[in-house]
Asker: 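Structure below; questions to follow.
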Amino acid sequence: MPINHNIVFVKNKLISIDTILPILIELKKDHGYYSDVVVFDKLAHKAINENIVIKDGIEYVGREIFITNGIQNKFFRRIYLIKNLFLIFIKSVFGANLLHFGALDQHPLKIFGILFKKNVYRFPGSGYNFQYPKYSKYHGNKPKNFKKVGDNCVMFGGTSDFCDDTKFSYNFVPPRSRKVWVDYIRERSNLYFNKLHGDIKLKNGFFVIATGPLLPTVRLPKLVDPINDCQRLFMETLNVLTRYSDKIPILIKPHPLTDIELLKKIIYKENNMFITYLHPSILSLYARVFIANQFSNILADAYTFGVDTIEYTNYNNNLLNITHGKSLEEQFVTYFINNDYSQLEMVVSNIVACEHKVSTYKGIFDNNSKLINKITRK
């Protein structure tokens with residue numbers, strides 16, 4: 001009889017584990033499935049252990065396996081790597097599901113995808129049916145594509161060519177919109193707020209800003225001025241929000257590439273302003289609005305929870321023309337404001353004038369998911 005076990009190969013960025021974690025929680029809570037989360041990269045391991053929600057979630061569903069354990073000695077690192085890969089192989093022989101985001105499409109892990117293809121499931125790197133990949137040629141990003149191995153492929157919230165040439169495909173609702181995840185987050189939200197932001201008053205809600213990299217060496221090709229626009233737009237956003245910060249806290253969620261020391265210098269004199277690493281789903285429970293200076297995935301989480309979202313940006317002309325003056329992801333953006341400071345002032349003023357209401361989003365309940373049934377062999 002196959003074991004109730006998942007082996008998850010995550011990418012080096014937190015976005016992949018963030019995408020799959022709600023599904024792993026559902027598999028553990030409702031079906032008793034244990035999950036090993038396999039991490040290869042030291043920075044990814046560090047990021048997981050610095051993110052309290054992700055770390056606790058992994059411990060709830062199973063455990064993290066840092067494949068080399070951070071060992072520096074080349075000989076012992078290889079020994080540890082071979083040992084862990086052998087254990088993964090044994091679990092795969094006994095029927096463990098192999099969940100990945102492209103790792104099994106490439107060597108050396110491709111051998112797992114070929115040998116155990118019936119139990120291999122490929123997932124997209126983000127938890128929503130984002131449209132921005134189709135605009136990549138207009139802002140310089142060219143993602144690499146590899147031939148898929150394994151029989152099963154999953155897409156989220158819509159149709160796309162992501163699962164082309166795959167034996168079985170499953171269209172699954174965005175994982176962070178499902179009831180199991182929303183319940184999990186609500187049950188723990190007070191604990192996390194008290195632990196990390198016990199000095200913040202939640203009565204009037206708060207603003208959330210998703211920063212860009214805020215690094216002078218990073219170019220953002222979507223913008224008119226790829227080097228300087230990010231910091232300028234961020235400062236303009238702060239200038240508007242600080243008018244209300246005596247009553248409404250401002251929480252700043254850094255981008256993984258944000259220069260934290262620079263960010264601290266920018267805000268150190270500001271009142272009622274905080275850097276936060278809380279999960280966007282938790283922030284969405286109490287936020288008035290989420291603001292980003294170019295589209296951020298966390299806007300989709302906020303929008304799903306019924307929170308207003310603002311993309312205050314400065315798209316380059318080619319990109320603005322191809323999107324017809326709208327956001328790359330207009331389905332998740334309440335207000336798209338392209339380099340119009342006066343409009344930003346007006347929109348924020350209108351949001352502040354409205355009575356704050358805590359999100360009542362309960363999530364999508366689906367007890368007959370073909371994907372969940374296939375993974376659990378029902």
Side-chain angles (χ1 to χ4, degrees), residues 2 5-27 31 33 35 37-38 88 92 95-137 141-178 180-181 295 297 300-301 304 328-332 363-378:
H5 205 100
N6 304 309
I7 300 170
V8 188
F9 300 86
V10 298
K11 285 187 173 182
N12 294 340
K13 295 181 180 179
L14 277 186
I15 189 172
S16 58
I17 182 59
D18 198 23
T19 294
I20 198 74
L21 188 56
I23 299 175
L24 302 182
I25 289 172
E26 186 165 345
L27 290 170
H31 305 280
Y33 269 68
S35 297
V37 177
V38 180
I88 290 172
S92 301
N97 297 305
L98 304 178
L99 317 182
H100 74 112
F101 301 85
L104 302 190
D105 297 337
Q106 307 172 53
H107 292 294
L109 297 179
K110 193 171 186 176
I111 186 65
F112 287 99
I114 294 172
L115 290 177
F116 307 107
K117 63 181 182 178
K118 290 183 179 180
N119 293 331
V120 171
Y121 296 79
R122 194 186 198 277
F123 290 80
S126 58
Y128 295 90
N129 184 31
F130 290 130
Q131 301 300 306
Y132 57 71
K134 71 181 182 182
Y135 297 111
S136 61
K137 65 181 179 181
N141 292 332
K142 296 180 179 179
K144 295 181 180 178
N145 292 313
F146 297 90
K147 184 177 180 181
K148 299 179 182 67
V149 300
D151 285 353
N152 307 284
C153 179
V154 182
M155 50 191 166
F156 297 131
T159 59
S160 71
D161 58 1
F162 179 74
C163 289
D164 286 356
D165 303 321
T166 304
K167 189 172 182 180
F168 302 107
S169 62
Y170 305 89
N171 194 358
F172 197 71
V173 299
R176 292 192 296 279
S177 69
R178 290 177 71 83
V180 170
W181 170 252
F295 184 81
N297 293 350
D301 289 313
T304 297
L328 287 166
E329 297 294 342
E330 61 175 311
Q331 72 270 34
F332 298 116
I364 298 171
F365 177 72
D366 175 15
N367 63 352
N368 191 32
S369 163
K370 292 181 180 179
L371 174 65
I372 298 295
N373 290 343
K374 178 68 180 295
I375 290 175
T376 57
R377 302 172 179 93
K378 289 190 175 180

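The first residue of the sequence shown is numbered 1, and numbering continues consecutively from there. Everything quoted here is computed from the prediction, not taken from an experiment.
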Asker: By side chain to side chain contact (heavy atoms under 4.5 Å, CB included), which residues pair with Asp18, not counting sequence neighbours?
Answerer: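 So Asp18 forms a side chain to side chain contact (heavy atoms under 4.5 Å, CB included) with Ile54, Arg176, His279.
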Asker: Do Glu26 and Pro175 come within less than 4.5 Å of each other through their side chains, counting heavy atoms only?
Answerer: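 No - every pair of side-chain heavy atoms lies 4.5 Å or more apart.
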Asker: Would Ile7 and Ser92 count as a side chain to side chain contact (heavy atoms under 4.5 Å, CB included) if you check the C-alpha gap in whole Å, the side-chain angles of each, and the deciding distance to 0.1 Å?
Answerer: CA-CA 8 Å; Ile7 300 170; Ser92 301; 4.2 Å; yes
Asker: Go through the structure and list residues passing side chain to side chain donor-acceptor pair (under 3.5 Å) with Ser35, not counting sequence neighbours.
Answerer: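 Ser35 satisfies side chain to side chain donor-acceptor pair (under 3.5 Å) with Asn6 once adjacent residues are dropped.
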Asker: Which one of Leu104, Leu115, Val38 satisfies the side chain to side chain contact (heavy atoms under 4.5 Å, CB included) criterion with Leu98?
Answerer: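 With Leu98 as partner, side chain to side chain contact (heavy atoms under 4.5 Å, CB included) holds for just one option, Leu104.
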Asker: Which salt bridge (charged side-chain N to carboxylate O under 4.0 Å, His left out) pairs, counting each pair once, include a residue from residues 101-130, with sequence neighbours left out?
Answerer: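 Listed once each, the pairs are Asp105-Arg122.
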Asker: How close do Phe172 and Ile372 get, counting heavy atoms only, and between which atoms?
Answerer: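 Closest approach of Phe172 to Ile372, heavy atoms only: CE1-CG1, 4.0 Å.
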Asker: Taking only residues two or more places apart in sequence, or in another chain, which ones meet His5 in a ring-ring contact (aromatic ring centres under 6.0 Å, His included)?
Answerer: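 So His5 forms a ring-ring contact (aromatic ring centres under 6.0 Å, His included) with Tyr34.
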Asker: Under the rule for side chain to side chain donor-acceptor pair (under 3.5 Å), what residues qualify as partners of Lys11, not counting sequence neighbours?
Answerer: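 Lys11 satisfies side chain to side chain donor-acceptor pair (under 3.5 Å) with no residue once adjacent residues are dropped.
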Asker: Side chain to side chain donor-acceptor pair (under 3.5 Å) with Gln331: which residues, sequence neighbours excluded?
Answerer: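 Scan of Gln331 (side chain to side chain donor-acceptor pair (under 3.5 Å), adjacent residues dropped) gives Glu329.
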Asker: Who passes ring-ring contact (aromatic ring centres under 6.0 Å, His included) against Phe101, sequence neighbours left out?
Answerer: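 For Phe101 there are no ring-ring contact (aromatic ring centres under 6.0 Å, His included) partners, ignoring immediate neighbours.
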Asker: Determine whether Cys153 and Lys167 satisfy the following criterion, side chain to side chain contact (heavy atoms under 4.5 Å, CB included), listing intermediate values before the conclusion.
Answerer: CA-CA 8 Å; Cys153 179; Lys167 189 172 182 180; over 6 Å; no
Asker: Can you tell me how far the CG atom of Asn119 sits from the CZ atom of Phe112, to the nearest 0.5 Å?
Answerer: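 So the gap between those two atoms works out to 13.0 Å.
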Asker: Is a side-chain donor or acceptor of His100 paired with a backbone partner of Gly102 at a separation under 3.5 angstrom?
Answerer: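 Such a contact is found between His100 side chain and Gly102 backbone.
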Asker: What is the distance from atom OH of Tyr121 to atom CG of Asn152, rounded to the nearest 0.5 Å?
Answerer: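 Taking OH in Tyr121 and CG in Asn152, the distance rounds to 4.5 Å.
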Asker: Can you name the residues that form a side chain to side chain contact (heavy atoms under 4.5 Å, CB included) with Ile15, not counting sequence neighbours?
Answerer: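 Per chain and number, Ile15 pairs via side chain to side chain contact (heavy atoms under 4.5 Å, CB included) with Lys13, Thr19, Ser126, Asn297.
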Asker: Does NZ or CZ of Lys374 come closer than 6.0 Å to the centre of the six-membered ring of Phe168, within 45° of the ring's axis?
Answerer: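 Yes, a cation-pi geometry holds between Lys374 and Phe168.
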Asker: So do the side chains of Asp151 and Thr166 get within less than 4.5 Å of each other, counting heavy atoms only?
Answerer: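 With C-beta onward as the side chain, the pair stays apart.
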Asker: What's the spacing between Tyr170 OH and Ser369 OG if we round to 0.5 Å?
Answerer: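 So the OH of Tyr170 and the OG of Ser369 are separated by 9.5 Å.
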Asker: Holding to side chain to side chain contact (heavy atoms under 4.5 Å, CB included), I want the full list of residues that pass it with Ala300, two or more places apart in sequence or in another chain.
Answerer: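 Side chain to side chain contact (heavy atoms under 4.5 Å, CB included) check on Ala300 returns Tyr128, Phe130, Phe332.
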Asker: Taking only residues two or more places apart in sequence or in another chain, which ones pass ring-ring contact (aromatic ring centres under 6.0 Å, His included) with Phe9?
Answerer: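 For Phe9, no residue satisfies ring-ring contact (aromatic ring centres under 6.0 Å, His included) once neighbours in sequence are set aside.
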Asker: Given Leu99, which of Ile23, Val120, Leu24 fulfils the side chain to side chain contact (heavy atoms under 4.5 Å, CB included) condition?
Answerer: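 So the option named by the test is Leu24.
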Asker: Can you tell if the side chain of Tyr33 reaches within under 4.5 Å of the side chain of Asn97, non-hydrogen atoms only?
Answerer: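 Yes - at least one pair of side-chain heavy atoms lies under 4.5 Å apart.
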Asker: Could you walk me through whether Phe156 and Val173 pass the side chain to side chain contact (heavy atoms under 4.5 Å, CB included) check?
Answerer: CA-CA 5 Å; Phe156 297 131; Val173 299; over 6 Å; no
